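All chains are named by letter (A, B, ...) in the order of the sequence lines, taking the proteins before the strands, and each is independently numbered beginning at 1. What you see below is based on every heavy atom in this structure, not just the backbone, and it leaves out hydrogens, waters and symmetry mates. Predicted model, so just to flag it, every value in this text is computed and none were measured.
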4 protein chains.
Amino acid sequence: MGGETDNKARILEAAAAEFAERGFDGARVDSIALRAGVNKALIYYYYSNKEELLDLLFLETRDAVLGLIESIHFRERDLSSPEALTAMLTAFLELMEERQNVVRVILMELSKRTPINTRIFELVEEVMNAMFAMTAGVLEITATNRASHMVTEFFTGIMPLLNYVAYHEIWMERYHAEESVLRAQFIESFLGTHFAYTFAEVNGKGDSASE
Amino acid sequence: MGGETDNKARILEAAAAEFAERGFDGARVDSIALRAGVNKALIYYYYSNKEELLDLLFLETRDAVLGLIESIHFRERDLSSPEALTAMLTAFLELMEERQNVVRVILMELSKRTPINTRIFELVEEVMNAMFAMTAGVLEITATNRASHMVTEFFTGIMPLLNYVAYHEIWMERYHAEESVLRAQFIESFLGTHFAYTFAEVNGKGDSASE
Amino acid sequence: MGGETDNKARILEAAAAEFAERGFDGARVDSIALRAGVNKALIYYYYSNKEELLDLLFLETRDAVLGLIESIHFRERDLSSPEALTAMLTAFLELMEERQNVVRVILMELSKRTPINTRIFELVEEVMNAMFAMTAGVLEITATNRASHMVTEFFTGIMPLLNYVAYHEIWMERYHAEESVLRAQFIESFLGTHFAYTFAEVNGKGDSASE
Amino acid sequence: MGGETDNKARILEAAAAEFAERGFDGARVDSIALRAGVNKALIYYYYSNKEELLDLLFLETRDAVLGLIESIHFRERDLSSPEALTAMLTAFLELMEERQNVVRVILMELSKRTPINTRIFELVEEVMNAMFAMTAGVLEITATNRASHMVTEFFTGIMPLLNYVAYHEIWMERYHAEESVLRAQFIESFLGTHFAYTFAEVNGKGDSASE
DNA sequence: TATGAATGAGTGTTCATTCAT
DNA sequence: TATGAATGAACACTCATTCAT
């Protein structure tokens, strides 16, 4: 995206690729320059340092995700339409797959025991809140059930999605799986687990695990 | 294994802590020495280099997990006993929480686009295979359904478990949650999603999301 | 010389300010451009490099000093007139204070053990020679006393003057001194030391230090 | 001073030499390592950064000067003994000449318009105060004359001394002067100017220091 | 078993200078 | 005359690893 000579954008893309390959700490500014096909000093002409590259990548991804979520008009009847749900998930996964390099870094940084992961946790939190807002008309979240809803949302919702984005390529390589098949399998599992569980009561199938 | 002066063991623990805080690439051998309270050169007396520390940590954790899984005699009637399932999961989580530093590094390295993550993927795979073996008497895995079973197992089973181990502390800090409460919430979600879905047919509750 | 848009002159002034703040080596071409409010590349349009800026500043200052000295018609009767001497010194100090940025750099460069300081020493030497010429009718400098005269002139004459120019602002700030008061104090000290000593014989007080 | 393998001390000496040649900003850590005959990284093993080298050099010099001044028992009758005064000055100059590299840097930094020169000004101030303390029994410094005494002490006392230390070598080279002769000339000028003026009243006003 | 000293190869970043327009 | 973009060559500082004892 961008003209062939848009070095500024190319640097950012190159940074994402390098970060995804070696992690932020393992990433070398020299390599970023090499990937982008520019002089190393040019990176510092456009960006103030290595960390700013990471920050900008995070922000761009956050905005893209929030934008997508906000554009969705989620309705109760969608719940009983596997097609609607699949379409929704597919849109989300495709958006994220374009940014899978950033997702990989997010997952790496999130696991660190450093204050830095607080910043990233806030990012994830924003997404969770946006999702809660999206399902507000369908799912009733009260003060009492909010905590456990968040746990479910995070560990069986958001994280599996991010994991799929980050690991589907390794999976495809390793098990010679085709993208479309793998994605269909994942979506089926995801709907059968997280969705089924989350919307059990709403869906009138109130006999799932809880209670 | 563990006298007060057992510098060799202390170095390994210190390495795990350092890796968990800064990632493998961000980790400093100086810091490991400092944490372990030993001279930096001593690390090289016991271990050949930084990477060997990582490898040994991975192997120890793998062995511990495989050992636990092999010790479990999983039976069909466990499926209908939430207590049995909870006990099983609790044992697993506690074992892993003791090694959460290593789990964090596993997650970090797994996200990298480097050949290194192949090695880690193999580790995860071993665990998955052990689990399949464990449920062999209960769950029928055929050549045709193996692929999708693996997808489910990985993305909605293993990964959420590892994520819980890696992130529960951040979660507790951030949302002022108590460990026992949080774990109960997680286990409930996990049983309600992954378990319910995986053992749906076996359990005679054949109306879950799939199909 | 000096319309509002005279970027060329503004660059030179900015360079002097930057050099005075950080020294020649500490000075940044970016900062000079910023101070001058021009594009960095424009500096290279007008001047060939950083060092030329320094050279031009030195030369301008030398010419100004030499011009002032040559304009003075020093006569024996001035020696007994504190007013005349004070006026002379005041003129010199004011001229130099306008160029105090350059004086600061001169002092910095003079202290370096590099060939560069030879160039600057020559500058100082020119001033010393001009001063000797100025006092030629009053003071008798012979082949035998020339060496010690020069030592006196340099260490108790020129250098204290340059030091006053360079340090009076720090002094004012640090000791909350008013400029006029401080200058009066300095001139009094200077007349009481260097002048009194140099013109001791001439002044009919023929029993001062030099034999 | 120190065994041949005392790298730590050699680094500091090398730093002083490098700083004196190129100024602090112009100094290259590589060059310091080269001069000291050690690996560059060793510098950082012993010292935390380039600036610490400068600080330590300043402190060592300050302590040496203060130590010398405090060891002097200055008495009124010394004023009329050129030998005593010369011996005193010689001791001071020799001490400083051993540290002339540091003195050069002090002069360079002192001329900068940066907050850093405040720190150095404080150093000089300490020396001035010690000198005032030294002459306390001989010279009467009151609240009213303190300010002008300080001006005299600084601009016609301390600074010419430091200048001599910093510039005598250039002078010797440039004018083919012998060290002992040059120093004698300087001391004579210094006694004839600064000393004569400062102790004029005490000395019966008229027959200044050198007989 | 243990350590203080030492080092080669980087590592992110800066900077004076040049180029294309 | 003026500028945004670009670069080669450093630069201070770091780091995993080794050595001598």
Side-chain angles (χ1 to χ4, degrees), chain A residues 5-8 11 15 22 24-33 36-53, chain B residues 5-8 11 15 22 24-33 36-53, chain C residues 5-8 11 15 22 24-33 36-53, chain D residues 5-8 11 15 22 24-33 36-53:
Chain A
T5 46
D6 191 349
N7 286 329
K8 190 174 180 185
I11 289 169
R22 312 203 203 294
F24 179 74
D25 288 292
R28 301 298 161 225
V29 178
D30 288 79
S31 291
I32 295 174
V38 303
N39 183 283
K40 187 171 37 158
L42 192 64
I43 294 177
Y44 292 91
Y45 178 74
Y46 286 118
Y47 306 98
S48 44
N49 52 36
K50 197 173 131 181
E51 204 169 343
E52 200 194 14
L53 289 168
Chain B
T5 46
D6 194 358
N7 284 329
K8 190 174 180 185
I11 288 168
R22 310 202 203 295
F24 179 74
D25 288 292
R28 303 293 161 227
V29 177
D30 288 81
S31 291
I32 295 173
V38 304
N39 183 282
K40 189 174 30 164
L42 192 63
I43 293 176
Y44 290 91
Y45 178 76
Y46 285 120
Y47 305 97
S48 46
N49 53 35
K50 198 172 126 179
E51 204 169 343
E52 198 194 16
L53 289 168
Chain C
T5 46
D6 195 356
N7 285 328
K8 189 174 180 184
I11 288 169
R22 310 201 204 296
F24 179 74
D25 288 293
R28 302 295 161 225
V29 177
D30 289 79
S31 291
I32 296 173
V38 304
N39 182 282
K40 189 172 33 162
L42 192 63
I43 294 177
Y44 291 91
Y45 177 76
Y46 284 120
Y47 305 98
S48 47
N49 54 34
K50 198 173 128 179
E51 204 168 343
E52 198 194 15
L53 288 167
Chain D
T5 46
D6 191 350
N7 285 329
K8 191 176 179 183
I11 289 168
R22 311 203 204 294
F24 179 74
D25 288 293
R28 300 298 161 224
V29 177
D30 288 80
S31 291
I32 296 174
V38 304
N39 183 284
K40 186 173 35 161
L42 193 64
I43 294 176
Y44 293 93
Y45 178 73
Y46 285 119
Y47 305 98
S48 43
N49 52 36
K50 199 173 129 180
E51 204 169 344
E52 199 196 13
L53 289 167

Base-pairing mate for E:dA20 - Watson-Crick or G-U, with both contacts under 3.5 Å: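 With both distances under 3.5 Å, E:dA20 matches F:dT3.
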*asked:* When both hydrogen-bonding distances must be under 3.5 Å and the geometry is Watson-Crick or G-U wobble, what is F:dG8 paired with, if anything?
replied: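 Checking every strand shown, F:dG8 finds its partner in E:dC15, with both distances under 3.5 Å.
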[atom1] of [X] versus [atom2] of [N]: gap in Å, rounded?
X       : N      : atom1 : atom2 : result
D:Lys8  : E:dA6  : NZ    : C1'   : 15 Å
D:Lys50 : E:dT14 : NZ    : P     : 15 Å
A:Arg22 : E:dT11 : CZ    : P     : 10 Å
B:Ile43 : F:dC15 : CD1   : C1'   : 13 Å
C:Ile32 : E:dT17 : CD1   : C1'   : 13 Å
D:Glu51 : F:dC11 : CD    : P     : 18 Å

Indicate whether OP1 or OP2 belonging to [N] is found under 4.0 Å from a side-chain N or O atom of [X].
X       : N      : result
B:Arg28 : F:dT14 : no
B:Tyr46 : E:dA2  : yes
A:Asn39 : F:dG8  : yes
A:Tyr45 : F:dA5  : yes
A:Asn7  : F:dA5  : no

So what does C:Tyr47 touch, heavy atoms closer than 4.0 Å: a base, only the sugar-phosphate, or nothing?
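The residue C:Tyr47 makes no contact with any strand.
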Exercise. NA contact type, A:Ala33, heavy-atom cut-off 4.0 Å: base, sugar-phosphate, or nothing?
Worked result: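 Nothing, no heavy atom under 4.0 Å.
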So if I take every side-chain heavy atom of [X] and compare against [options], which nucleotide ends up nearest?
X       : options               : answer
B:Tyr44 : E:dA16, F:dA16, E:dT7 : F:dA16
D:Leu42 : F:dA16, E:dT1, E:dT7  : E:dT7
A:Ala41 : E:dT13, E:dC15, E:dT7 : E:dC15

Drop me the distance from D:Glu51's CD to D:Phe24's CZ, to the nearest 0.5 angstrom.
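Separation between the atoms: 5.0 Å.
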State the CG-CD1 distance between D:Asn7 and D:Ile43, to the nearest 0.5 angstrom.
->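 So the gap between those two atoms works out to 10.0 Å.
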Inset, instruction - Classify the side chain of D:Lys40 versus the base of E:dT7 as yes if they form a donor-acceptor pair under 3.5 Å and no if they do not. - result: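 Result: no qualifying N/O pair found.
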Give the minimum heavy-atom separation between [X] and [Y], together with the two atoms involved.
X       : Y       : result
B:Tyr44 : B:Asn49 : CE2-CA, 4.0 Å
D:Lys50 : D:Ala27 : NZ-O, 3.0 Å
B:Ile11 : B:Leu53 : CG2-CD2, 4.1 Å

Return the 5'-most residue of the pair A:Asp30, C:Asn49 with respect to DNA chain E, ranking by each residue's nearest nucleotide.
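Mapping each residue to its closest nucleotide by heavy atoms, the 5'-most match is A:Asp30.
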*If each of C:Asp25 and B:Val38 is mapped to the nucleotide of DNA chain E with the nearest heavy atom, which maps nearer the 5' terminus, i.e. the 5' end?*
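Upstream on the strand: B:Val38.
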Side-chain donor/acceptor of A:Tyr47 to backbone N/O of A:Lys8, under 3.5 Å:
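Yes, A:Tyr47 side chain to A:Lys8 backbone: donor-acceptor pair under 3.5 Å.
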